[in-house]
Each structure stands twice: as C-alpha cells, then as structure tokens.
Amino acid sequence: MSAPTHFPDRPQFSGFMKPCCLEGEVSHLEVHGEIPADIDGTFYRVMPDPQLPPFIQDDPWFNGDGSISAFRIKDGKASFKQRYVRTEKFSREREAKRALLGKYRNKYTDAVEFKVRSTANTNIVHFNGKLLALKEDAPPYALDPDTLETLGLHTFEGQLPSLTFTAHPKFDPKTGEMICFGYEAKGDGTPDVCYYRVAPDGKFLEVVWLVAPVVGMIHDFAVTENFVLFPIMPQVCDLERLKQGGEHWEWSPETPFYVGVLPRKGAKPEDVKWFQYRNSFPGHVSNAFEDALGNLVLDISLSDKNVFFWWPDAQGNAPEPSSIVSQLKRFVIDPNSSDLSLSDPEVLQEDNSEFYRIDDRFSTQSYRHCFYDMMNPALGTDFPAITHQLGGGYPLYNSLGHLDLQTRKVEVYFPGPTHMVQEPVFIPRRGSSGEGDGYLLALVNNYATMSSELHLLDTKDFTQAKAVVLLPVRLRQGLHGNWVDSDDVKS
Ligand SMILES: C=Cc1ccc(O)c(OC)c1
Ligand SMILES: [Fe+2]
C-alpha cells in the first residue's frame with residue numbers, strides 16, 4: 001500500500017474543509033467591539049483534522065485526528081493555542097510519516113495493529129483537573145488544561161470497565177458527578193452497553209451492564225435527577241461486514257428509534273426499558289428532566305432522514321444532503337408505562353437546528369433557555385459567493401438561535417452573508433445565578449476571508465455581537481467544545 005502525498009480532491013478535504021494541520025499559539029487576537037471584563041476562562045473545542053492524507057477511499061470527516069483549540073479570555077483580551085492530541089494513531093503515523101489507520105471504526109482495514117484506535121476528535125470536557133479528549137470508540141485521552149500536552153490514555157486508574165466511553169458525558173451541577181456510558185462496550189459489533197457514574201474525585205460510584213436491542217450508534221444520551229435515557233440511532237453495525245472491510249455503520253430503514261430508560265442509581269440490568277418510536281434519526285440532546293407527574297421530558301434533535309448520509313442503507317440509498325432537516329422535539333415518557341411505544345413528540349421549534357446548548361447549571365433539571373445552531377437560507381446567506389468554499393460532508397448552519405421555552409419566543413443572531421456557525425457555548429455572567437444570563441460564544445467560519453472568528457453575544461441583547469475576535473488562520477469545521485471558567489478550575 002503506497003501512502004498518498006496529498007489530500008484527495010473531495011468536498012470533505014476542500015475549501016474551508018482543507019485540513020489545517022496546524023499547531024501553535026497566538027498571544028493577542030484582534031478584537032472588534034468589546035469583550036466584557038467579567039469573562040475569565042477558556043473555551044476548548046475539538047475538530048477532526050487529519051495530520052496525513054488517508055490511504056482509504058473517501059475517508060469521512062469523522063475520522064480525522066483530534067486537534068484541540070483553546071481560547072483563553074481574560075481582562076477583555078483573547079489568546080489562542082492549538083495542539084493535536086497525541087493518540088497512539090497520531091504518534092505512530094507521525095513516526096511512520098504516513099497514515100496507518102484505515103476506515104472509520106474498522107480495525108480490519110488498518111495497515112498496522114493498534115491497541116487503541118481513538119482519534120480523540122469529538123468532544124473535550126474538563127473533569128477532576130484534567131481535560132478529557134473523547135471519541136466514542138475508546139477510553140478518553142487526558143490532557144493538561146494549560147499546555148494541551150497529552151498525558152495519556154485515561155482509564156480512571158484502571159476503574160473503567162468498558163472498552164468505550166461516550167463523547168457526551170453529562171455533569172450533575174448539584175453533585176459534580178459525571179454520568180457516562182460506553183456502547184459496543186465489549187468490542188466491535190457487541191450489543192453491550194456499560195453505564196457508569198464517576199464522583200468528582202474520579203472514583204467510580206456504580207457500573208451497570210445492559211444489552212441493547214440492536215447494535216446501533218448511541219452518540220448522545222440524557223440524564224434527569226433519577227433516570228438516564230439512551231437514544232439509539234438506526235445506524236447499525238455488523239461484525240461480518242467489518243471483517244470484509246466494509247463500513248462500521250449502515251442506515252437501517254426498518255429499525256425503530258429506540259430509547260432505553262434506566263434508573264440513574266441502583267439499577268439492575270433487567271430494569272432497563274427499551275421504548276420505541278418510528279424509524280427516525282435522533283441527534284443531539286438539549287436537556288432532559290422530570291415533570292411534576294414524574295414523566296421524563298426528553299428534548300432532542302430529530303430528523304425523518306438519515307443525517308449521516310455518507311453511511312447509506314444496504315441498497316446504497318441516502319438522502320440528498322440539502323434535503324435533511326432536524327428539529328428540536330420533546331418526547332414525554334412515563335418510565336412506569338408498560339406500553340413501550342412512544343407518542344409523537346411536540347415540535348419545540350420549527351427551524352432546521354442542531355447543537356443545542358443550555359446553561360449547564362440547569363442540566364438534568366427543568367429549564368427555560370436553549371441556544372443552538374440553525375439554518376435559515378432566508379436570513380441572507382450569499383450562497384453563490386461562497387458555495388465553492390463550503391467543502392462538505394456535514395450539515396451547515398448559518399445562524400444562532402435562542403429559544404425561550406416558557407414564552408416559546410425565538411431570537412436569532414445572523415453573523416453575516418459569508419459566514420457559517422459552529423457549536424456555541426454558554427458562559428454565565430459572573431455573580432449572576434439567573435438561568436441563561438450571560439454570554440454565548442461560537443466559532444464562526446468566514447468564507448470571504450477564509451479564516452475563523454469568534455462571535456460573542458450577550459444573551460440580554462442576542463441579535464448583535466458584543467465582540468468579534470479574528471483569528472489569523474482557518475479552523476475547519478469541528479464538533480464539540482466547552483467553556484471552563486477560571487472559577488471552576490480553582491475550586
Ligand atoms: C456528531 C456525531 C459524531 C458521531 C460519531 C463520531 O465518531 C463523530 O466523530 C467526530 C461524531
Ligand atoms: Fe456529538
């Protein structure tokens with residue numbers, strides 16, 4: 001197998017999606033407008049960014065090496081640092097000067113044998129003094145929050161019982177506990193789900209092993225005060241297909257959307273209930289909580305179509321990417337019900353939206369404010385001017401939304417006609433405990449300058465930016481990130 005010397009001429013490697021391959025620091029970023037003086041912390045985010053050209057055909061965006069960006073904000077100023085996670089894959093490929101890892105989550109296509117295949121490219125969370133770089137097929141990699149240096153694979157001093165760790169752990173704001181799971185937890189193609197809770201000091205509190213009704217992707221999940229919910233996408237894995245060098249995932253139009261419901265504490269494996277709804281694609285969770293009647297309220301992105309269109313069904317069918325719409329929907333689930341079919345959810349917001357973020361101090365609790373990415377072409381995006389630079393392989397969003405779940409009013413921030421937004425983070429206003437009172441910060445792709453920007457909004461004045469911070473470089477589309485306040489680091 002000869003190693004390619006350049007990235008392929010495909011949308012996911014072109015235009016704004018051309019790999020960046022950059023590590024470094026900028027000590028003073030250019031600020032337009034004003035960064036409020038009370039903001040003091042770091043915005044960490046991760047993007048898949050292949051260090052070397054893949055040797056397999058049409059490698060999806062999701063298979064790139066995890067590159068961590070850290071934006072430090074203090075005293076109205078912003079600095080920037082970026083470093084790759086030194087995964088086993090990254091380090092061995094750097095040494096070999098060529099790609100060695102094959103297809104997304106298919107070890108049978110690798111050029112060498114890996115102990116851990118993680119690309120650490122999906123989320124970056126702060127826990128117990130460390131950053132954890134997450135990919136749902138492996139344990140976390142731990143990083144130093146200041147230097148972004150990789151400390152190594154993190155198995156919680158050997159307590160981690162699962163081969164896998166979700167990219168979407170949840171944090172209980174009252175207890176500081178981290179609630180997690182892994183799926184395909186006993187290896188590729190296994191239906192085993194491992195649920196676990198970790199105390200703020202890193203000690204495992206509880207482990208429960210479950211068996212899922214289908215080996216499907218469980219990308220995000222939801223937690224309430226007394227329950228956890230596991231939404232399974234109808235993207236299914238088959239070990240024989242993997243062994244033949246095929247894709248890890250295949251869209252299954254016959255498979256329902258399952259939601260597993262398990263008591264959060266003290267559950268036995270047989271306590272899990274698998275509710276089901278008609279075939280649809282569950283995306284990211286906004287939040288979940290228990291209502292006055294003890295029902296579980298699950299606010300989640302839902303699409304009628306296969307959002308991961310690059311993994312088609314067995315016949316090769318996939319939707320036209322521009323036809324895919326996801327909406328924020330609300331399922332109400334009675335955990336004691338013996339009827340396992342879910343009623344139609346309520347549409348909370350009509351727009352095509354994803355990447356919901358909340359005031360995390362209200363995670364697992366009843367909440368009022370939801371912030372998100374949305375796509376509304378009528379806002380004025382100049383598509384003819386930017387289409388050749390968009391790249392592709394993922395849905396795009398041109399604006400930020402704020403939904404008030406009490407009044408159902410929506411506010412929209414449109415960053416400009418040549419811009420697309422990445423996932424935002426919410427920053428509480430210092431000294432204020434009011435839900436949603438603070439700032440929203442998002443990385444923005446500017447296709448006119450072919451560089452990246454941070455846009456900072458005050459949630460009290462949502463429709464215009466308080467500050468726009470310019471980066472001298474382009475950061476390609478990323479996944480998830482989190483705000484780590486300086487207060488949270490000290491305590
Ligand atoms: C957005 C979802 C998602 C799901 C699985 C992945 O491996 C991933 O990698 C970046 C992203
Ligand atoms: Fe995600």
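These figures come from a predicted structure and were not determined experimentally. Counting convention: from 1, in listed order, for ligands and their atoms alike.
- Using a 4.0 Å heavy-atom cutoff, Trp61 is absent from the residues neighbouring ligand 1.
- Our summary of the site lists the angle at the Fe ion (ligand 2) between NE2 of His480 and NE2 of His219 as 160°, to the nearest 10 degrees.
- Nearest N/O/S atom of His168 relative to the Fe ion (ligand 2): this is NE2.
- Remark: side-chain polar atoms of Arg98 are not paired, donor with acceptor, to backbone N or O of Pro53 under 3.5 angstrom.
- Nearest protein neighbour of atom 9 (O) of ligand 1, counting heavy atoms only, is Lys135 NZ, 2.9 Å.
- At a cut-off of 3.5 Å, with distance as the only test, no side-chain donor of Asp65 or Gln51 sits close to an acceptor on the other residue.
- The protein heavy-atom contact nearest to atom 5 (C) of ligand 1 is Tyr104 OH, 3.4 Å.
- Residue contacts with ligand 1, taken as heavy atom pairs separated by less than 4.0 Å, do not involve Thr119 at all.
- When non-hydrogen atoms are compared, ligand 1 lies under 4.0 Å from the side chain of Phe308 (C-beta onward) but not from its backbone.
- Checking Asp373 against Gln422 by side-chain atom types alone, no donor-acceptor pair falls below 3.5 Å.
- At a 3.5 angstrom cut-off on N or O pairs, His219 does not count as close to ligand 1.
- Using a 3.5 Å distance cut-off with no hydrogens or angles, the side chains of Arg357 and Asn287 do not pair a donor with an acceptor.
- Between Ala142 and Lys130 the shortest heavy-atom distance is CB-CD, 3.8 Å.
- Counting only N and O atoms by type, the side chains of Glu247 and Trp311 include a donor and acceptor under 3.5 Å apart.
- Of all atoms in ligand 1, listed by their number and element, those nearer than 4.0 Å to a heavy atom of Leu479 are 1 (C), 10 (C).
- Every N/O-N/O distance between Glu136 and ligand 1 stays at or above 3.5 Å.
- Side-chain polar atoms of Glu254 and Asn279 form no donor-acceptor pair below 3.5 angstrom.
- Looking only at heavy atoms of the protein, atom 8 (C) of ligand 1 is closest to Phe62 CD2, 3.4 Å.
- Within the structure, the closest approach of Met217 to ligand 1 falls below 4.0 Å when heavy atoms are considered.
- Side chain of Lys103 to backbone of Gly245: a donor-acceptor contact under 3.5 angstrom is found.
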